[in-house]
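Below you'll find the structure, written out as structure tokens, and then a few comments.
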Amino acid sequence: MKKYIILFAMTVTFFGCKDVDEEEVINPNYNVTFNFTQNWDGEEITDPDYQTTVYTNENGEELTISRLRYLISDVAFTNEDGDTTLIKGYNLVNARKGINLQYKPSKKIQEGTYNLSFTFGFDNKDNVSSAYPDLNTEGWNVPEDLGGGYHFMQMEGTFTNNTSSTPAPYLYHTIRAADNTGDDLLLQDTSFEVNLGTVTVEKNSSFEIKMNVAEWYKNPNKWDLNILNSNLMMNFDAQIMMSENGKTVFSLEEETTVEE
Amino acid sequence: MNYFKNIPALFIATICCLTIISCAKDEGGKPEEEGYQPTPLELKTPTMFKQILDSPIIPSDNPQTEEGVALGKKLFFDPILSGDKTLACAGCHIPAEGFSDSRQFSPGIDGIEGRRNSMPLFNLAWNYKENFFWDGRAISLENQALQPVVDPVEMHNTWPNAVSSLQAAPGYPELFSEAFGTSTIDSTMVSKAIAQFVRTLISGNSRYDQFLRGEIELTEAEQNGLDVYIDETRGDCFHCHGTPPNNLLWTDNDFHNNGLDETFDDLGRGAVTGDPREFGLFKTPSLRNLAYTAPYMHDGRFETLEEVIDHYSEGLVYSETIDPLMKAVGEGGVQLTEKDKQDLKAFLLSLSDESFINNPDFQKP
């Protein structure tokens, strides 16, 4: 079966190439690379930091991070005319384990200047239960009671609270907001578009997308882990607040070109 | 000009065509004749697995074949692989016990017990991380199958000895030749055949699966138990054991410390990686077939599901590497009511699959 697919792809390539070629000579298409990094107010978070380095959040709680996974989707390059080249798809970053820190979509982008953006999480249209086999085995689903679909982020760790001598766990999980306390399930899309500003696409373009983890605790909602530490998936208001805080989390590091 | 770019593509395409045509001719032939091919065998993958999960992992250098699986099955049940020819894989992986062992520790041929409870064997081809054993130290089922034979507390043999026993045993050289095209046996072929058989052990027909297929209703208790399982304030089991109805494996195949001990006799994952942050972590077991796989946990410390549920409800103990998902550790657990406990148990039991343990394909030949 695979051989037929290759054969088919070959045939398509063979016949498909000539239309685009002429334009390509002037404005070639390039693959782009995204590198995801995490920091706490500028201090990079690397493997040895997980579970050991103590950070202090805006509200003054001391915390460590045990696990950090998040999903981004639908990276978009919009040119000056407002035409968008959409990279349909998603990337689940496992920061703790260093998996998918690099995302290299197969779709090529034409050389030029663009506004770069992506979706944090899945928007309603893409947030479809059981649609993505690889995510189904990653423990990334959301129970149907809470509207199904997938998590957007799982940030977990421990913090020192004022009541207990041992560190207490926190589970900062973001999903589509769901209220199942009434007769009807109330859902609200909490995914959001992250706009990273202007970028230039050229040969071997690579973009560093930085997550400042501290921002999740900062603004507009100063996060109090003593109150909001777990059972947040079923907390509609908490989901809205996390989504609001997420909007200042990402930024773009100056683009670089990498030698292949 | 641009057409030249495509010449290599055309060339490859032509080769592909030729390969496809030539492949078709290869079939048949006799073992040890040039061009002999064993008969390909598809895994009997449940329809729901096909719809929701990625394809199972089958290494390209060890495709499933009728002859390979038949040989693997014979080897799995045959004590010939052990040092004194008394203990087969099936001696500690018993079909009626979900291919695990109801003894807390299974003694090897010298009567010495290991320190871990035997693991049930099913749906292992869907472990995409391919980390086998409680601590994930074996990568791939082929590598895994090499270990029990030489493990001093299990089959306590050497590979040269096991291979020469097989080579001398009537019937085996022919079976190897049918499965792999050569009657000169080696340990790699033994491990490949066993891995092929282990991949066929598929369980996907529990009451809960039947419910998902719309064939039966859950009882009220099972339904409430499911609610407990996915409720963040009650069980919250799904973050590690999978979210119904989308994780049909009932495990994330990842490593966690679920709050069993304050200090560790067995470092689990941490002993493999040397990373203190992983001390006391073990692989999340699947919740399928619990009706047959007691006792529970890596050291078989709990004899009943009641004890397991009590552990999560009131028995959690703090240690430095405890998983944050054990969020109620400060109170000893999630404090389930008596009714929720019973219903959770009923739900867990609805994941057991009688047709799996009774499958005639999986019984001693």
Can you tell which part of B:Ile322 gets under 4.5 Å to a heavy atom of chain A, answering side chain, backbone, both or neither?
neither
Contact leader toward chain A among B:Thr321, B:Leu53, B:Asp54, where contacts are heavy-atom pairs under 4.5 Å
B:Asp54
Crowded around A:Asp184 CG? As in, over 12 foreign heavy atoms under 6.0 Å?
no
Between B:Asn247 and A:Thr137, which heavy-atom pair has the shortest distance, and what is it?
ND2-CA, 4.1 Å
Is it the case that over 12 heavy atoms from other parts of the model lie below 6.0 angstrom from the CD atom of B:Glu314?
yes
Distance from A:Glu138 atom CD to B:Thr243 atom OG1, nearest 0.5 Å?
12.0 Å
Which heavy atom of B:Pro324 sits nearest a heavy atom of A:Ser66, and at what distance?
CG-OG, 3.6 Å
Proximal component of B:Asp323, with respect to chain A [non-hydrogen, under 4.5 Å]:
side chain
Heavy-atom count around B:Glu320 CD within 6.0 Å, excluding the residue itself: above 12?
no
Would you say the side chain of B:Glu232 lies within less than 4.5 Å of the side chain of A:His173, judging by non-hydrogen atoms?
no
Testing the basics here: between A:Asp145 and B:Ile230, what is the closest heavy-atom pair and its distance to 0.1 Å?
OD1-CD1, 3.5 Å
For B:Lys44, I'd like to know if atom NZ has over 12 heavy atoms of other residues, nucleotides or ligands within 6.0 Å.
no
Need one label for A:Leu135: side chain, backbone, both or neither, based on atoms under 4.5 Å from any heavy atom in chain B.
neither
Can you tell which part of A:Asp47 gets under 4.5 Å to a heavy atom of chain B, answering side chain, backbone, both or neither?
both
Given a strict heavy-atom distance threshold of 4.5 Å, which part of B:Ile52 is in contact with chain A: side chain, backbone, both, or neither?
both
If you count every heavy atom of other residues, nucleotides or ligands that lies below 6.0 Å from B:Gln335 atom CD, does the total exceed 12?
yes
If you draw a 6.0 Å radius around NZ in B:Lys129, do more than 12 non-hydrogen atoms from other residues or ligands fall strictly inside?
yes
Who among B:Asp236, B:Leu325, B:Leu249, B:Asp252 has the most heavy-atom pairs with chain A under 4.5 Å?
B:Leu325
Spacing of CE belonging to B:Met326 relative to CG belonging to A:Leu171, to within rounding of 0.5 Å
9.5 Å
Take B:Lys327 and A:Asn229 through the side-chain hydrogen bond (donor to acceptor under 3.5 Å, both in side chains) test and state the conclusion after the steps.
CA-CA 9 Å; B:Lys327 59 200 169 191; A:Asn229 48 60; over 6 Å; no
Is chain B contacted by the side chain of A:Tyr170, its backbone, both, or neither, given a heavy-atom distance below 4.5 Å?
backbone
In short, A:Tyr50 meets B:Arg277 closest at the heavy-atom pair O-NH1, 3.0 Å
Is B:Asp254 salt-bridged to A:Lys97, cutoff N-O under 4.0 Å?
yes
Contact part of A:Thr158 toward chain B, heavy-atom cut-off under 4.5 Å: side chain, backbone, both or neither?
neither
